[in-house]
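For reference, the structure is listed below as structure tokens.
Computed over heavy atoms, backbone and side chain alike; hydrogens, waters and symmetry mates excluded. Keep in mind that this is a model prediction, so the values were computed, not measured.
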Amino acid sequence: MELLETNASRRWAAAAIATLMLSTPLAYAAPDGSGISDGVVRIAVLGDYGSGRDLGGPGSVTAAKLAAEDFHNKVLGKPIEIISADHQNKPDVAVGIARQWFDVEHVDAVTDLAVSSVGLAVAGLATQSNRTALVSGAATSDLTGDKCSPVVTHWADDTYALSAGLVGELSRRVGKEWFFVAVDYSFGSAMVKDASRAVTDTGGKVIGAVRYPFNTTDFSSFLLAAQSSGAKVVALAGTGADTVNAVKQTHEFGLQQGGQTIVGMLTFISDVHSIGLRDAQGMYIASQYYWDDDDGTRAFAKRFIEIEKREPTKLQAATYAAVRHYLKAIEAGGSDEAKAVNGEMRKLPVDFFGRPAHIRKDGRVVYDLSLYRVKKPDESKYPWDYYQKIAAIPGDKAFRPEGTGGCKLDK
């Protein structure tokens, strides 16, 4: 998930990572010989409880607890404890919390980590502290590129997959002339860069791009530019409230009625719920999880909705899958020591809601993405019945090829 990543936060994250490289890892051992340090497997959910709370937040805590319940809240005979905190979309706050968790509260793994600057900074601290980072929120593909780590795995669908992977499929199906409406910070720039390359690679053409400030409410000038371009596809590279506002206004300005197709490059089911099917109908999105895909996705959703009273987002589903696989690896390997358990995680096949997946050396969790079209109101037959599956995008086509992202672990 990407909500806010200002220049200041990016500079702070870079400085924090550089500082962490000078620190000394803490001693980490299980004195009772059980393989479980301090007798408890402690997992922390560090998420956004503000503007992004519907995407992750409390729902990610619920997802982690459901994963622990699958093991009856014990692994190797030791209790599993789930704790949580709000990082406020600030990398300095996130690192301060994580440092307290690692140094004082004996946290073994941290998950969620929405927003790229937060994910990168906490992953850097986890590496230096020899703790596990299960990144289910941040979208930056740098986590499996030059910032990769043997104790970090990336469960969210990343910027590469949501640009190059998505565009490649849509260019063939929808149209080859594209216009981008992107948020004006590094996430939006990265998405436009990768997506533009994919458009060109498939024989298409980028007609133009405009960038808007984060937290924009009036998209009229940006959407009029997209409309007047005549591009077949208008791609929105933003998140959260920005996406909700932009999509509603595309309907007001008649982009869809004029024959243009809207693509939400990083869109959550909670966004579609907020937009409503009248305005969101016909929009294309890509996701690794939709609650009504099959028996596996529905089984998790049923448990989740009993607690949260709403269907899970892909971020919350990724948190569940990440924590579950982490606990499975502890059980298989007999240890929660970070390097050992992450090595085991990379060996074991991943059960991604009944579908096969695997983890590469660089920490990238590889699964198939699905391309969806948002249903028309009269096509929806029950609550949260929002998506029609159009195609599967194989994992080896969706994600950046191994060995090409600059990860030293690939060598």
Exercise for the section: Answer with yes or no whether the side chains of Ser37 and Glu337 bring together a donor and an acceptor at under 3.5 Å. Expected result: no
Practice task
Check whether any side-chain N or O of Asp368 sits under 3.5 Å from a backbone N or O of Gly395 as a donor-acceptor pair, and report yes or no.
Solution key: yes
Handout entry: Whether Asp294 side chain and Thr297 backbone form a donor-acceptor pair below 3.5 Å
Key = yes
Practice task
Indicate yes or no: at least one non-hydrogen side-chain atom of Leu55 is less than 4.5 angstrom from one of Asp48.
Solution key: no
Handout entry: For Tyr320, ring pair (Phe, Tyr, Trp, His ring centres under 6.0 Å) partners two or more places apart
Key = Phe300, Phe353
Exercise for the section: Say whether, by atom type as modelled, one donor and one acceptor occur between the side chain of Tyr367 and the main chain of Trp155 under 3.5 angstrom. Expected result: yes
Practice task
List for me each residue that meets side-chain hydrogen bond (donor to acceptor under 3.5 Å, both in side chains) alongside Thr313, sequence neighbours excluded, and say none if there are none.
Solution key: Gln316
Completion exercise
Note: Leu266 and Ala139 closest approach over all heavy atoms is CD2-CB, 4.5 Å
Handout entry: Lys/Arg-Asp/Glu bridge criterion (N-O < 4.0 Å) met for Asp385, Lys375
Key = yes
Practice task
Using atom types as modelled and distance alone, determine if a side-chain donor or acceptor of His273 lies under 3.5 Å from a backbone N or O of Phe268.
Solution key: no
Handout entry: Any pair counted as disulfide bond (SG atoms under 2.5 Å apart), so long as it reaches residues 361-411, sequence neighbours left out
Key = Cys148-Cys407
Fill in the blank from the handout: Closest non-hydrogen contact found for Thr404 with Arg400 is OG1-CG, 3.2 Å
Handout entry: 4.5 Å side-chain heavy-atom contact, Ser136 and Leu315
Key = yes
Exercise for the section: Could you check if a side-chain atom of Val152 sits within less than 4.5 angstrom of a side-chain atom of Val135, using non-hydrogen atoms only? Expected result: yes
Problem - Side chain Gln260, main chain Ala231, donor-acceptor under 3.5 Å - result: yes
Completion exercise
Shortest non-hydrogen pair, Asp279 vs Val247, comes out as O-CG1, 3.8 Å
Problem - Minimum heavy-atom distance Ala225-Val210, with the two atoms named - result: CB-CG1, 4.2 Å
Exercise for the section: Locate the shortest heavy-atom distance separating Val75 from Val41; write the atom from each residue and the value. Expected result: CG1-CG2, 3.4 Å
Fill in the blank from the handout: Taken in chain and number order and not counting sequence neighbours, the residues that satisfy side chain to side chain contact (heavy atoms under 4.5 Å, CB included) with Ile307 are Thr62, Leu66
Problem - For Tyr290, side-chain hydrogen bond (donor to acceptor under 3.5 Å, both in side chains) partners two or more places apart - result: none
Problem - Presence of salt bridge, Asp351 and Lys328, under 4.0 angstrom - result: no
Exercise for the section: For residues Ser270 and Arg310, determine if any side-chain heavy atom of one lies less than 4.5 Å from a side-chain heavy atom of the other. Expected result: yes
Practice task
Output yes when a side-chain donor or acceptor of Glu311 lies under 3.5 Å from a complementary backbone atom of Trp291, and no otherwise.
Solution key: no
Exercise for the section: Applying side chain to side chain donor-acceptor pair (under 3.5 Å), run through Asp292 and Tyr382 and close with a yes or a no. Expected result: CA-CA 11 Å; Asp292 204 19; Tyr382 39 84; 2.5 Å; yes
Handout entry: Under 3.5 Å: donor-acceptor pair, side chain of Arg131, backbone of Phe102
Key = yes
Exercise for the section: Would you name the heavy atoms of Gly165 and Ile393 that are closest together and state the gap between them? Expected result: O-CD1, 3.8 Å
Fill in the blank from the handout: With sequence neighbours left out, the residues meeting side-chain hydrogen bond (donor to acceptor under 3.5 Å, both in side chains) with Ser163 are none
Handout entry: Cationic N near anionic O, under 4.0 Å, Lys90 to Asp92
Key = no
Practice task
Only counting residues at least two apart or in another chain, list the ones meeting side-chain hydrogen bond (donor to acceptor under 3.5 Å, both in side chains) with Arg42.
Solution key: Asp38, Glu81
Handout entry: For Arg173, all residues meeting side chain to side chain contact (heavy atoms under 4.5 Å, CB included), sequence neighbours excluded
Key = Glu169, Leu371, Ile390, Ala391
Practice task
Please name all residues satisfying side chain to side chain contact (heavy atoms under 4.5 Å, CB included) with Val206, sequence neighbours left out, ordered by chain then number.
Solution key: Phe180, Ser196, Val199
Exercise for the section: Would you please name every residue forming a ring pair (Phe, Tyr, Trp, His ring centres under 6.0 Å) with Tyr160, sequence neighbours left out? Expected result: none
Handout entry: Pairwise side-chain contact, Asn89 with Val118, heavy-atom cut-off 4.5 Å (strictly under)
Key = no
Exercise for the section: Only one of Val323, Ile330, Leu327 passes side chain to side chain contact (heavy atoms under 4.5 Å, CB included) with Phe71; say which it is. Expected result: Leu327
Problem - Short side-chain to backbone donor-acceptor contact, Asp112 and Thr319, under 3.5 Å - result: no
Completion exercise
The complete set of side-chain hydrogen bond (donor to acceptor under 3.5 Å, both in side chains) pairs with one or both residues in residues 200-215, sequence neighbours excluded, reads Ser171-Thr202
Problem - Salt bridge present between Lys78 and Asp336 (N-O < 4.0 angstrom) - result: no
Practice task
Using atom types as modelled and distance alone, determine if a side-chain donor or acceptor of Arg346 lies under 3.5 Å from a backbone N or O of Asn342.
Solution key: yes
Problem - Leu134 backbone acceptor or donor facing Thr111 side chain under 3.5 Å - result: yes
Problem - side chain to side chain contact (heavy atoms under 4.5 Å, CB included) partners of Ser274, counting only residues at least two apart - result: Val244
